Amino acid sequence: MDTIPYTVEPRQDTGLYNAKFGIWLFLSSEVMLFGALFSTYVLLRTGAGVHWPHGSSILNVPIGAFNTVVLITSSVTMVLSWVALKVKDFGKSKIYLGLTILLALTFLVVKAFEYSAKFHHHMFPSTSTYLAIYFTLTGLHALHIIGGIVVLAYFRFPGAKMWRSDPQRFTNRIEVVGLYWHFVDLVWIFLFPVLYLL
Amino acid sequence: MSVGTHDVRSEIKKYMAVFAGLLILTVLTVTVSNLKIGISLAIVIALTIAAIKGAMVACNFMHLTSEKKLVYFVLIMTATFFLAMILLFYFSYFDLPEGSKYVP
């Protein structure tokens, strides 16, 4: 057969379908990536001693808090989209997936306004160490959001036809992209207090 | 594996409860940050709340509480190496060459 194995049925040795194991391995590598950058932040800050600005003196806390709520909500709509597929409600799943994409885009738009406000005030990554690590951390996170939107949009629109041909495999795809999306939310849950509140 | 409607309703209720909890903890994080406490305490409290929020997302939305042993093994390995990396950064702070110092 030409079909890819273990897209639905679990492997005997792992107990999982392959994509689920794969995404957890990928997320582990992402932990090391963002972990390294968080470590960079810690090292830069402790090295600066008292000469490190309080986050709220440079960044807008209400905007950051709003974006946190947006991403948390998108995580909820993401998991609800998967649950809808588990009970075979494709219509509802599409609605929740669409909402997830809209919330993700909202996050990006708000981030774009934040960045452009900084640039307008001549505050660039090269301006200070704080801004360098701020733009690096949030920039890499934003790239992850963009990547997630691309995949979510694919599943919402052209990729959705797999629901007709192989519904269980499609459900698993939504579960896997959901895991990625929750991780992106998790990173922001740590980024927000570290950069905006401390 | 299909899920019965009854299970789904209780699952959704759980997700909404977690959602509410996450929102409350977000408000708490911002509120605490406005208090006049020292930076060390602020860091500890902020990261503790963030860790609780992260655990809520991981256990409920990512279904980590009912995962296979292999996934737990992978994540424990990740946590171990992550901790090792943090310690490397931490100890390097105290390990400067002779005569050099950090300049803010």
Side-chain angles (χ1 to χ4, degrees), chain A residues 10 13-16 20-21 24-25 27-29 31-32 35-36 38-40 42-43 46-52 54-56 61-62 64-65 68-69 72-73 75-76 78-80 83-84 86-89 168 171 175 178-179 181-183 185-187 189-194 196-198, chain B residues 1-5 7-9 11-12 15-16 18-19 22-23 25-27 29-30 32-34 39 42-43 45-47 49-58 60-64 67-72 74-75 77-79 81-83 85-90 92-93 102-104:
Chain A
D13 48 2
T14 64
L16 299 159
K20 192 165 200 186
F21 186 41
W24 276 115
L25 287 173
L27 293 182
S28 298
S29 74
V31 165
M32 302 310 281
F38 271 104
S39 307
T40 307
V42 170
L43 201 68
T46 47
V50 296
H51 304 279
W52 190 268
H54 196 275
S56 57
V61 172
T68 307
V69 171
I72 288 172
T73 311
S75 249
V76 179
M78 184 73 240
V79 77
L80 289 175
V83 166
K86 294 295 264 183
V87 293
K88 314 263 185 258
D89 192 340
Q168 270 200 293
T171 307
E175 182 178 20
L179 285 172
W181 194 253
H182 298 312
F183 176 78
D185 178 29
L186 232 159
V187 169
I189 281 172
F190 281 93
L191 270 182
F192 169 61
V194 164
Y196 287 75
L197 304 179
L198 295 175
Chain B
M1 177 198 117
S2 67
V3 180
T5 343
D7 300 318
V8 160
R9 277 214 202 102
E11 278 288 292
I12 292 177
Y15 294 143
M16 298 317 276
V18 171
F19 183 35
L22 288 170
L23 292 179
L25 285 173
T26 304
V27 169
T29 316
V30 176
V32 167
S33 75
N34 289 325
I39 185 67
I43 289 170
I45 292 176
L47 288 182
I49 297 176
I52 294 170
K53 286 167 79 176
M56 286 167 74
V57 170
N60 297 289
F61 296 161
M62 298 171 94
H63 305 108
L64 256 189
E67 253 307 342
K68 294 283 180 290
K69 279 211 185 86
L70 181 61
V71 173
Y72 293 150
V74 166
L75 291 176
M77 291 295 280
T78 309
F81 279 102
F82 178 68
L83 186 65
M85 182 175 65
I86 299 287
L87 287 175
L88 275 173
F89 274 97
Y90 178 70
S92 77
Y93 182 73
Y102 281 103
V103 178

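Remember, predicted model here, so these are calculated numbers, not experimental data.
Remark: Tyr90(B) engages Phe94(B) in a ring-ring contact (aromatic ring centres under 6.0 Å, His included) (not counting sequence neighbours). Partners of Glu175(A) under the side chain to side chain donor-acceptor pair (under 3.5 Å) rule, at least two apart in sequence or in another chain, are Tyr17(A), Lys20(A).
For a residue to count as touching a neighbouring chain, one of its non-hydrogen atoms must lie under 4.5 Å from one of that chain's; by this rule Thr14(A) touches chain B with backbone and side chain alike. If you measure heavy-atom distances from Thr73(A) to chain B, the contacts under 4.5 Å come from both the backbone and the side chain. Of the atoms belonging to Leu186(A), it is side-chain heavy atoms, and not backbone ones, that fall under 4.5 Å from chain B. Of the atoms belonging to Val57(B), it is side-chain heavy atoms, and not backbone ones, that fall under 4.5 Å from chain A. The contact between Leu64(B) and chain A is made entirely by side chain atoms (from C-beta outward), counting heavy-atom distances below 4.5 Å. Both the backbone and the side chain of Val31(A) come within contact range of chain B, each with at least one heavy atom under 4.5 Å from a heavy atom of that chain. Of the atoms belonging to Asp185(A), it is side-chain heavy atoms, and not backbone ones, that fall under 4.5 Å from chain B. Using a 4.5 Å cut-off between heavy atoms, Val187(A) makes no contact with chain B at all. Only the side chain of Ile39(B) comes within contact range of chain A, with at least one heavy atom under 4.5 Å from a heavy atom of that chain. Interface remark: Leu80(A) contributes side-chain atoms only to the contact with chain B (heavy atom separation under 4.5 Å). Only the side chain of Phe192(A) has a heavy atom closer than 4.5 Å to any heavy atom of chain B.
Formation of a donor-acceptor pair under 3.5 Å by the Tyr93(B) side chain with backbone atoms of Leu43(A) is not found in this model.
When Phe61(B), Phe82(B), Tyr15(B) are compared by the number of non-hydrogen pairs under 4.5 Å with chain A, Phe61(B) comes out ahead. Ranked by non-hydrogen atom pairs under 4.5 Å with chain B, the options Gly64(A), Gly55(A), Ala36(A) are led by Ala36(A). Residue with the most contacts toward chain B among Ala65(A), Ser56(A), Gly35(A), Pro193(A): Gly35(A) (heavy-atom pairs, distance under 4.5 Å). No other option in Ile86(B), Leu22(B), Thr29(B), Val71(B) has as many heavy-atom pairs under 4.5 Å with chain A as Val71(B).
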Item to check | Residues Glu67(B), Leu75(B); criterion side-chain contact (heavy atoms from CB on, under 4.5 Å); working and verdict | outcome: CA-CA 11 Å; Glu67(B) 253 307 342; Leu75(B) 291 176; over 6 Å; no
Checklist entry - Run the side-chain contact (heavy atoms from CB on, under 4.5 Å) check on Tyr196(A) and Leu191(A) step by step: do they pass? => result CA-CA 8 Å; Tyr196(A) 287 75; Leu191(A) 270 182; over 6 Å; no
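Within the 4.5 Å cutoff, the side chain of Trp24(A) has no heavy atoms near those of the Leu16(A) side chain. Residues Phe89(B) and Val42(A) are not in side-chain contact: their nearest non-hydrogen atoms beyond the backbone lie 4.5 Å or more apart. By the 4.5 Å heavy-atom criterion applied to side chains, Met16(B) and Val76(A) are counted as neighbours.
Applying the 6.0 Å contact sphere to CE of Met77(B) captures no more than 12 heavy atoms from other residues, nucleotides or ligands.
Lys53(B) and Thr26(B) share a side-chain donor-acceptor pair at under 3.5 Å.
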